[in-house]
K.L.:
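Got a structure here, written out as structure tokens. Questions coming.
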Amino acid sequence: MGNSDREFEVKSLIVFILAMVANVMGVIFQSLAGHLLHDATLFADLNAVIALFNILVLPTMVTSCLITKYTAEFAAKDEYGKIKKFLNEVAKVLIIGAVLFILVLMLFRDLISKWLHMGDSNIIITAIVLAGISLFSSIFVGGLQGMQAFVLYGIFGMIGPFFKIVAVLFATIMEGKIVTILVIWLLGTIISYFIGIVFLKKKLDKYDKRKTNISTKALWSYLISLFVTNVGLLLFSNIDTLLVKHYFDTEAGYYTAALMLGKIITYFTGSFVVVMFPMVSAEEKTESEKFAILKKSIIYNIGIGIIIVVMINLLGDISITLLLGREFAECKKFLFPLSVYVLPLSILNLIANYAMANKKTKIMSLSLVLGSIAEVIGVGMLQESIFLFVWFIAFMAWGLVFINYMHMYENSKKAEE
């Protein structure tokens with residue numbers, strides 16, 4: 001097997017090692033939150049806010065994908081001067097976008113706070129500001145990923161989790177614990193931007209800016225497809241936590257604790273996504289070559305995922321006590337059904353990012369949006385049992401995996417004919 005055939009594995013390993021450090025930090029953050037907050041209700045509030053934040057960063061996700069796509073195309077042609085100009089232009093737009101984003105969402109802060117049963121509206125206000133400021137991270141994430149500067153990308157990715165750990169430690173001595181965590185997280189995000197600027201300068205300083213000649217029509221067309229797909233992906237991946245918090249408030253703390261353990265699977269998925277996206281974005285590759293990269297990603301993800309699912313469920317008591325504390329022992333009842341749910345969720349993340357990189361998002365977007373709507377309808381019909389709801393979303397997730405994988409497979413076959 002030639003060097004080019006091993007490109008995906010080598011780059012994935014680099015990202016995997018660096019990403020796992022960041023992921024371990026994420027686990028430590030959640031573990032410290034469970035141990036130090038000593039309150040399942042407070043833990044549920046924290047995870048509900050994180051789920052809300054994950055939805056609010058939709059513009060960040062969309063912009064990151066957009067930047068990665070165009071940066072990867074320029075990098076493949078060795079046009080780094082265009083990358084420099086492109087990132088500079090995007091930064092100017094994001095300043096206006098962040099301000100508008102924060103102002104608009106502030107109008108709904110009380111409504112969001114009430115719906116999530118949050119007694120302190122300052123929590124929602126801080127989360128909105130954090131989500132708005134986080135919009136700028138797309139410049140560094142997308143730029144470094146598109147240029148396949150995976151070492152710098154990995155180091156940048158560790159900064160946020162580090163400050164989250166610092167935040168939860170500080171929160172133990174403060175009154176408004178969740179607000180404290182969010183404020184320190186916000187400060188860490190801002191600090192990360194100064195570091196990100198240094199990283200981009202390292203890659204681009206020697207190049208002069210060059211006009212990009214990007215078609216406005218093509219850019220907006222791609223932006224809309226990214227937006228719709230990310231809406232579906234973010235909603236489908238996070239809305240269950242919000243729905244459980246609203247409809248099953250007394251169980252929400254244990255549900256989110258078990259979900260945290262189950263989502264360890266997704267930590268590995270991120271490594272494959274980071275490498276796959278710019279490789280699939282490169283127009284030089286054929287459809288069969290691109291699909292082969294997706295297939296590899298899914299196979300590796302399923303293999304690692306099954307091992308993690310087995311370990312989590314076999315060592316459930318030990319994992320819960322070690323990572324969260326004895327107060328969360330009751331969350332064990334959710335471990336298996338949530339493991340069955342999270343594994344296809346990680347695969348959907350891979351397929352969605354493949355679709356966005358390859359500009360084939362229609363079926364993916366439609367299925368994810370319909371899946372999110374089905375979750376909302378499902379929880380309304382299954383309010384008598386949280387377990388029925390979990391199994392419902394788990395089987396629905398596997399159905400979406402099958403539908404979208406087969407669609408991408410058929411596209412690949414048609415392109416070969």
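If you read the sequence from its start, that first residue is 1, and numbering goes on from there. As the structure is a computational prediction, the values presented were derived from the model and not from experiment.
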K.L.:
Restricting to non-hydrogen atoms, name the atom on Leu223 and the atom on Leu66 that form the minimum distance, rounded to 0.1 Å.
P.N.:
CD1-CD2, 3.8 Å
K.L.:
In terms of heavy-atom contacts, does CG of Leu107 have more than 12 from other residues, nucleotides or ligands at under 6.0 Å?
P.N.:
yes
K.L.:
Going through the distances and angles, do Tyr354 and Met364 end up as a side chain to side chain contact (heavy atoms under 4.5 Å, CB included)?
P.N.:
CA-CA 10 Å; Tyr354 173 85; Met364 188 81 221; over 6 Å; no
K.L.:
Kindly give the heavy-atom pair with the smallest separation between Thr60 and Ser134, and that separation in Å.
P.N.:
CG2-O, 3.4 Å
K.L.:
If I take atom OG1 from residue Thr71 and atom CD1 from residue Ile139, how far apart are they, to the nearest 0.5 angstrom?
P.N.:
10.5 Å
K.L.:
May I have the step-by-step check of side chain to side chain contact (heavy atoms under 4.5 Å, CB included) for Val129 and Met106, ending in yes or no?
P.N.:
CA-CA 9 Å; Val129 174; Met106 282 297 181; 3.6 Å; yes
K.L.:
In Å and rounded to the nearest 0.5 Å, what is the CD1 to CG distance from Ile347 to Leu400?
P.N.:
11.5 Å
K.L.:
Would you call Thr212 and Glu89 a side-chain contact if the rule is heavy atoms closer than 4.5 Å?
P.N.:
yes
K.L.:
Output yes when a side-chain donor or acceptor of Ser192 lies under 3.5 Å from a complementary backbone atom of Thr189, and no otherwise.
P.N.:
yes
K.L.:
Lys209 side chain to Lys84 main-chain N or O, any donor-acceptor pair under 3.5 Å?
P.N.:
no
K.L.:
Hey, does Leu105 have a side-chain heavy atom less than 4.5 Å from the side chain of Ile124?
P.N.:
no
K.L.:
Going by the rule salt bridge (Lys or Arg N to Asp or Glu O under 4.0 Å), which residues pair with Lys82 if we only count those two or more places apart in sequence or in a different chain?
P.N.:
Glu79
K.L.:
Does a side-chain heavy-atom distance below 4.5 Å link Phe389 with Leu243?
P.N.:
yes
K.L.:
With sequence neighbours left out, what residues match Phe53 under ring-ring contact (aromatic ring centres under 6.0 Å, His included)?
P.N.:
Trp185
K.L.:
With sequence neighbours excluded, tell me which residues meet side chain to side chain donor-acceptor pair (under 3.5 Å) with Asn313.
P.N.:
Ser339
K.L.:
Could you report the tightest heavy-atom contact between Ser365 and Thr229, atom names first, then the distance?
P.N.:
OG-OG1, 2.5 Å
K.L.:
Distance check, rounded to the nearest 0.5 Å: Ile298 atom CD1 versus Ile293 atom CD1?
P.N.:
12.5 Å
K.L.:
Decide side chain to side chain contact (heavy atoms under 4.5 Å, CB included) for Phe74 and Met147; before the verdict, give the C-alpha distance in whole Å, the side-chain angles of both, and the deciding distance to 0.1 Å.
P.N.:
CA-CA 8 Å; Phe74 292 142; Met147 289 184 284; over 6 Å; no
K.L.:
Do Leu345 and Asn349 come within less than 4.5 Å of each other through their side chains, counting heavy atoms only?
P.N.:
no
K.L.:
Give me the atom names and distance for the closest heavy-atom approach of Ile181 to Ala167.
P.N.:
O-CB, 3.5 Å
K.L.:
My understanding is that only residues two or more places apart in sequence, or in another chain, count here; which of them pass ring-ring contact (aromatic ring centres under 6.0 Å, His included) with Phe156?
P.N.:
Phe140
K.L.:
Report the residues that fulfil side chain to side chain donor-acceptor pair (under 3.5 Å) with Ser64, sequence neighbours left out, ordered by chain and then residue number.
P.N.:
none
K.L.:
Closest heavy-atom contact between Phe136 and Ala98?
P.N.:
CE1-CB, 3.9 Å
K.L.:
Indicate yes or no for a side-chain donor-acceptor contact from Ser237 to the backbone of Leu234 under 3.5 Å, with no hydrogens or angles considered.
P.N.:
no
K.L.:
Would you indicate whether the side-chain heavy atoms of Phe163 and Leu186 approach each other to under 4.5 Å?
P.N.:
no
K.L.:
Can you tell if the side chain of Phe236 reaches within under 4.5 Å of the side chain of Val369, non-hydrogen atoms only?
P.N.:
no
K.L.:
Taking side-chain contact (heavy atoms from CB on, under 4.5 Å) as the criterion, tell me which of Leu58, Leu226, Val62 meets it with Val231.
P.N.:
Leu58
K.L.:
Before accepting this row, confirm whether a basic side-chain N of the pair Lys77/Glu73 lies closer than 4.0 Å to the acidic partner's carboxylate O.
P.N.:
no
K.L.:
Find the distance between CG (Asn301) and OG (Ser346) and round it off to the nearest 0.5 Å.
P.N.:
4.0 Å
K.L.:
Restricting to pairs with a member in residues 396-409, which pass side chain to side chain donor-acceptor pair (under 3.5 Å), not counting sequence neighbours?
P.N.:
Ser367-Asn404, His407-Asn411
K.L.:
For a 4.5 angstrom cut-off between non-hydrogen side-chain atoms, does Val228 reach Thr361?
P.N.:
no
K.L.:
Please name all residues satisfying ring-ring contact (aromatic ring centres under 6.0 Å, His included) with Phe395, sequence neighbours left out, ordered by chain then number.
P.N.:
Trp391
K.L.:
Return the CG to CD1 distance between Leu368 and Ile403, rounded to the nearest 0.5 Å.
P.N.:
10.5 Å
K.L.:
Can you name the ring-ring contact (aromatic ring centres under 6.0 Å, His included) partners of Phe101, sequence neighbours left out?
P.N.:
none
K.L.:
Tell me every residue that passes side chain to side chain contact (heavy atoms under 4.5 Å, CB included) with Thr126, counting only those two or more places apart in sequence or in another chain.
P.N.:
Val179, Leu182, Val183
K.L.:
Which residues pass the side chain to side chain contact (heavy atoms under 4.5 Å, CB included) test with Lys202, sequence neighbours left out?
P.N.:
Leu152
K.L.:
Is there a side chain to side chain contact (heavy atoms under 4.5 Å, CB included) between Val141 and Gln145? Walk through the geometry before answering.
P.N.:
CA-CA 6 Å; Val141 170; Gln145 185 182 355; 4.3 Å; yes
K.L.:
What do you reckon, is CZ of Phe227 surrounded by more than 12 foreign heavy atoms closer than 6.0 Å?
P.N.:
no
K.L.:
Among pairs that include at least one residue of residues 77-99, which meet ring pair (Phe, Tyr, Trp, His ring centres under 6.0 Å), considering only residues two or more places apart or in two chains?
P.N.:
Tyr70-Phe86, Tyr80-Tyr207
K.L.:
So does Met311 have more than 12 non-hydrogen atoms from other groups sitting under 6.0 Å from CE?
P.N.:
no
K.L.:
Once salt bridge (Lys or Arg N to Asp or Glu O under 4.0 Å) is applied, do any residues pair with Glu375, and if so which ones, sequence neighbours excluded?
P.N.:
none
K.L.:
Which atom pair, heavy atoms only, marks the closest approach of Leu343 to Gly305?
P.N.:
CD1-CA, 3.9 Å
K.L.:
Working to the nearest 0.5 Å, report the span between SG of Cys65 and CG of Asn230.
P.N.:
5.0 Å
